[in-house]
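One structure is given here, and the rest of the page talks about it.
Every chain is numbered from 1, with letters handed out A, B, ... down the list of sequences. Keep in mind that this is a model prediction, so the values were computed, not measured.
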Amino acid sequence: MKFQIEDVTVYFPYDNIYPEQYAYMLELKRALDAKGHCLLEMPTGTGKTIALLSLITSYVLSKPHAPLKLLYCTRTVHEMEKTLAELKLLHEYQIRHLGPAAKILALGLSSRKNLCVNPRVLAAENRDSVDAGCRKLTASWVRALAAENPSVRTCEFFEQYERAGSAAVLPPGVYTLQDLRIFGKEKGWCPYYLARHMVQFANVVVYSYQYLLDPKVAGIISKEMQKESVVVFDEAHNIDNVCIEALSVSVRRQTIEGARRNLHRMSQEIDKFKATDAGRLRAEYNRLVEGLALRGDLPATDAWLANPALPDDILKEAVPGNIRRAEHFLQVLRRLVQYLEGRLDTENVEKEGPVAFVTSILNHAGIDQKTLKFCFDRLHSLMMTLEITDTDEFLHIQTICDFATLVGTYARGFSIIIEPFDERMPHIPDPVLQLCCHDASLAIRPVFERFQSVVITSGTLSPIDLYPRLLNFNPVVSRSFTMSLTRDCICPMVLTRGSDQLPVSTKFDMRSDLGVVRNYGRLLLEMASVVPDGIVCFFVSYSYMDGIVNTWNETGILKEIMQHKLVFIETQDVVETTLALDNYRKACDCGRGAIFFSVARGKVAEGIDFDRHYGRLVIMFGVPFQYTLSKILLARLEYLRDTFQIKEGDFLTFDALRQAAQCVGRVIRSKADYGMMIFADKRYSRHDKRSKLPSWILSHLHDAHLNLSTDMALHTAREFLRKMAQPYDKTGGSTGRKTLLSQEDLEKMVEGSLVDSLF
Amino acid sequence: MASGKVVKKAKYKSTVKDPGTPGILILTEEKLVFKPNDPTSSNKLEVDFKFIKSHKHTKEGSNKPPWLNLTHSQGSYIFELETFPDLHVCRELVGIALGKHGEAAKVVSEEQLSAAEMAQRIKLLQEDSKLQKLHKELVASGKLTESEFWATKKQLLDRDENRKSKQQIGFKNSLIFDTKPTSDGRINQVKFQLTPEIKYQIFALKPAVHQAFLNFVPSKMNEVEFWNKYFKAEYLHSTKNAVAAAAEAAEDEDLAVFLKDDEILEIEARKKVRRVDPTLDMEADQGDDYTHLPDHGIFRDGSKEISEAQNSLYRRTLLQDLNRQGAVVLEGKTLDIEMDNPRAAAEVLARRKQDSDAAIEDERRNRISKMNQIEDLQAQNDHRFAPLCIKDPRDYFDSQQANAVKALDDSQAGMEKTKCSLSSEEVYGSLRASISKIKATGLRDPLFSPEVALKVLNELTKNISSTKSHIGKHSQDSVLDILPTTTKEKLLDQWVCSQELLRHFWSSYPITTQNLANKTRRLKDAISQVYSKLEEIKVSAKSDLRHQVSLIVHPMQQALDAALLHYDADIRKRNAKAAKPNGF
């Protein structure tokens with residue numbers, strides 16, 4: 001359908017539209033007009049992504065004189081694929097209606113592991129070896145060598161891509177990673193480098209958060225993006241955590257040992273070069289004296305992770321004199337490693353600010369702050385000079401240098417915490433020195449500064465006023481949309497008591513209580529016998545899930561559950577989890593029915609949809625609080641309190657409830673879909689917890705469902721499922737409020753400017 | 001074949017090995033169209049029969065599935081139909097179509113209508129004279145086609161034929177470590193009861209054990225020794241003492257086989273993960289976020305879990321077992337496994353592992369776009385299937401009652417229409433008026449006039465009394481018995497015939513294809529014929545029996561009436577719908 005939003009003609013690939021999608025587009029359009037940032041919360045299952053994509057692409061089409069680029073950030077690769085597939089649909093529609101004028105280039109960008117087509121490189125197991133394998137074939141010196149000596153192996157795909165030169169372009173279209181691989185294979189061009197190259201010219205780029213947020217990656221991938229870009233962070237409820245992770249580093253015993261080995265090998269290399277090719281080291285020295293930009297003139301294949309600190313924090317000055325010589329630099333690193341090892345060797349938990357830490361490094365190891373700051377770039381330069389291709393072997397020394405650079409750059413927003421062992425396993429010594437970032441705004445600041453509009457959107461951004469504070473920005477539009485439902489297709493319930501009417505909770509003192517475990521088991525068993533197709537269960541942690549499943553197995557409850565449905569479980573092994581999910585879907589597809597056990601905050605909770613028959617019921621066992629004794633969490637809470645005046649309790653509850661809402665929100669995908677959500681913990685019935693849930697869940701949480709026991713919940717479930725299985729009027733015409741708009745409806749609505757009255 | 005169109009569920013295969021795309025096969029005399037269930041699939045087909053050279057199909061008795069193979073110049077289209085009867089219907093039409101398109105379509109078919117089935121049908125007809133009569137009546141006169149006739153008689157056909165291929169038994173969804181040992185309590189020994197079923201389960205769940213069995217038994221050890229070893233390993237697992245397990249494994253290399261992680265499973269997992277739905281592929285994420293670099297990101301913030309790395313080789317968790325269990329149950333069981341011989345079972349399992357890895361990429365691509373569309377935003381496309389509507393029984397009866405009342409209203413069409421919406425004042429006013437009227441005139445003594453009451457009573461009891469008088473004391477005696485045999489025979493025949501027709505008629509609703517529309521049209525004609533025949537019987541009956549006959553005929557006619565009415569209403573509705581511009 002095609003309609004007008006103010007001065008923009010929006011092309012929407014479906015025949016109908018939800019009113020909230022229309023309102024969402026309207027707000028988004030205003031934010032784009034204002035060239036500002038915005039924060040939009042819209043419930044899952046209302047087609048956020050397609051609304052966003054069609055508005056932005058249509059906006060660009062209607063203003064051809066000021067082309068905007070869309071940088072769409074997703075958290076996971078499969079979300080990237082989904083987004084691109086949706087964009088493909090939209091693009092086809094636009095081309096049908098506008099002709100070739102609507103042609104755009106859109107592509108996804110991922111790591112070499114997901115894009116490489118060279119079978120020899122792909123044989124490697126994990127990403128690092130794929131990266132290293134690629135570098136071994138494509139590094140500039142390897143290729144130079146191969147030019148002289150034909151027995152040196154290079155990558156034929158990269159060579160062909162290079163030979164094609166500027167002719168190597170992607171024709172307009174929408175390319176998923178798969179399409180890129182196919183295109184690459186067809187043409188014989190390396191899809192990874194082709195994509196990297198085309199990113200600059202593409203109208204739409206879909207990639208992972210890290211490509212913008214993590215300065216190490218953003219430095220290479222995203223540095224040439226124009227200011228006139230719209231950056232979208234989809235599913236951004238965890239964006240603060242991503243930002244924090246991007247700037248945090250930890251050093252363990254293994255790191256220290258590995259770094260020692262790396263240093264040893266580098267000094268050997270240096271000696272070798274001194275004997276054979278002293279000129280090269282001298283050239284490097286001269287380059288450093290001149291303070292040449294380090295990466296500017298390097299070929300793309302030689303680039304590796306960029307500086308972990310933010311670009312504008314690195315002063316445009318030459319590398320300090322005391323580390324210009326390779327052997328001097330190695331000496332500095334040795335002292336640093338020595339110092340860190342000494343600090344690791346501690347009996348008690350220590351906490352320090354970066355300033356104090358830098359001072360103590362200066363006192364004990366004689367390395368000043370400026371030297372620390374340049375460690376990373378210096379290491380990078382040295383490894384280029386030494387022509388090291390197997391970078392995956394040198395990760396440990398990189399970590400040390402990341403650490404040094406970060407600690408030398410930032411004076412606040414960080415703390416250094418040294419723990420001799422894990423709180424939960426005090427008998428196993430595992431010292432770790434962690435540099436943890438507390439301020440999410442540090443990593444995201446350059447994004448807000450560089451780009452015209454940044455859109456942060458998710459199904460759960462409640463309370464919406466907290467995010468601007470956490471990320472330290474001023475949105476021009478900040479809105480939370482409710483969902484206009486044709487029928488009550490979601491049914492949230494708070495279950496406080498088990499079948500024996502005793503309270504259930506995962507509170508620390510109750511979680512191992514056998515009665516609670518049994519009650520949870522009975523709940524699942526009863527539900528499995530009533531609910532068709534898929535059921536998803538979320539637990540508060542892996543260890544809790546492991547414990548409870550084992551207990552269920554011993555007490556025979558698991559056996560009974562398995563008589564109703566197949567059971568699949570998320571484990572820490574990603575491959576196994578992926579297969580388990582695939583089997584789960586198959587079981588739901590074929591009608592066998594299945595239960596999936598998963599963990600809040602886990603990978604599945606973050607990115608997998610359990611829509612339609614893949615999830616008719618979600619049970620959230622317990623409240624997924626963070627581990628509150630964690631030193632890092634405490635330090636962060638303290639920082640939040642001091643800097644943003646956010647109370648500890650408030651933040652913890654906010655964080656737990658956004659995770660819970662995220663988990664249960666995966667169950668619904670469109671208004672035709674339906675699902676139940678059970679919050680199984682007595683603490684959810686308390687107002688202070690419950691009120692933190694997003695409004696679209698709260699509005700369906702009836703008072704009668706706030707304090708249920710298993711049998712009552714079962715009754716409610718039966719009634720609900722029977723009601724939902726009926727056919728219904730999709731437009732919601734009978735209830736007076738339209739929940740599905742056709743083109744006519746929209747035109748009528750715009751004439752009468754009824755938009756605001758809808759909400 | 002009169003209808004000229006056949007719609008069947010089928011799978012399209014480009015090659016024999018291809019697993020096939022499920023979809024709908026539509027055959028008309030001009031062309032064949034294949035629509036995959038998944039609208040995004042590229043395997044759509046629309047081929048004119050003039051390009052088809054010949055057709056073949058698999059024989060019913062053979063162990064091959066029902067395949068229809070249409071050869072064209074470049075290759076062939078293979079369709080796997082659901083059942084052999086489906087295949088025959090399709091084959092019939094293809095034969096006609098090819099014949100029409102000249103070139104004397106060479107039927108390379110191994111047999112015309114699988115001889116076995118033909119014989120079966122003939123036998124059934126011979127055995128059952130009534131059926132034969134019905135067949136003659138309906139099929140010979142063209143009211144029903146041969147296949148339509150037999151379609152409703154499936155259970156008759158299947159009774160003998162499908163006795164051998166009973167429903168496939170699935171894999172039991174219970175954990176194998178349910179096999180608890182028994183102990184007599186006196187000696188330090190436990191006993192395991194192993195059934196062939198459990199052995200099969202163990203083999204399916206643990207390919208490594210299975211492999212070991214194939215390697216060791218009977219060359220290295222006998223079966224009892226093998227299972228002893230196995231359960232010893234299981235015991236070590238159950239102690240959850242990874243160190244002890246590692247130590248034992250180091251000592252006994254045979255035991256190590258059971259204790260170590262299953263390599264075969266791992267390899268298989270890696271293979272499988274390549275063809276997993278991309279929207280689920282979490283493996284792809286690994287390495288896409290650079291923070292997974294060792295020691296980057298927050299290491300110990302409490303939200304992440306600590307896993308013990310030591311001896312992970314010898315740690316197998318319940319969770320993994322559960323996942324494996326689910327996967328195996330889903331894969332299902334091969335049909336013809338001789339459970340009695342573990343050796344044979346092991347070999348069968350080994351054979352079935354070798355399935356093709358082809359078309360993985362395509363499958364992946366198809367799956368992603370399937371996930372993507374928001375179905376209720378799309379315009380409703382022409383549903384070939386009417387939505388299933390399960391009503392609350394109370395609602396249903398209420399609505400029926402309302403209908404009855406409405407029908408009553410319609411019958412009193414002459415009466416003036418009452419105004420339905422009244423304001424409370426009006427109601428109150430009218431109530432007051434009537435009360436005051438009663439007050440003024442008083443109630444009429446008999447509410448109804450006695451003549452009317454008598455008339456009604458007579459009307460109601462007339463039939464009862466007359467029937468009674470005829471049947472006399474024997475309440476078991478049916479009214480039919482008093483009719484002359486010829487009339488009775490005729491009536492029974494008509495009854496059987498009309499039942500058959502009605503069954504066909506109602507089963508063809510909702511009308512979703514042209515084929516069904518044609519069929520209903522034919523049936524309607526047949527029904528009206530039967531109707532008039534019944535009328536004839538009624539008229540021709542002797543006067544003293546006429547009432548009885550009409551009593552018997554009445555419900556039959558009512559049923560036929562209902563069908564005719566429904567047909568007319570449906571036609572009207574469909575026409576009205578078709579007039580609408582948006583097509584639904």
Heavy-atom side-chain contact between [X] and [Y] under 4.5 Å:
X         : Y         : answer
Ile569(A) : Gln320(B) : no
Thr571(A) : Asn323(B) : yes
Phe568(A) : Leu319(B) : no
Met562(A) : Leu322(B) : yes

### Contacting region of Met1(A) [heavy-atom separation from chain B under 4.5 Å]
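Nothing of Met1(A), per the 4.5 Å heavy-atom cut-off to chain B.
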message: Is Phe12(A) in contact with chain B via its backbone, its side chain, both, or neither, using a 4.5 Å heavy-atom distance?
response: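 Just its side chain gets close to chain B.
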(message) Looking at chain B, which one of Val567(A), Leu581(A), Thr578(A) has the largest number of heavy-atom pairs inside 4.5 Å, strictly under?
(response)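 Max contact count across the listed options: Thr578(A).
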Please report the C-alpha distance between Leu566(A) and Gln325(B) in whole Å, then the side-chain angles of each, then the deciding distance to 0.1 Å, and finally whether the side-chain contact (heavy atoms from CB on, under 4.5 Å) criterion is met.
CA-CA 8 Å; Leu566(A) 301 183; Gln325(B) 168 79 32; over 6 Å; no
- Taking salt bridge (Lys or Arg N to Asp or Glu O under 4.0 Å) as the test, write out the residues that go with Asp573(A), two or more places apart.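 Asp573(A): no salt bridge (Lys or Arg N to Asp or Glu O under 4.0 Å) contacts found.
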**Study point:** Under the side-chain hydrogen bond (donor to acceptor under 3.5 Å, both in side chains) test, residues paired with Glu570(A) that sit two or more places apart
**Key:**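 Per chain and number, Glu570(A) pairs via side-chain hydrogen bond (donor to acceptor under 3.5 Å, both in side chains) with Tyr542(A), Ser598(A).
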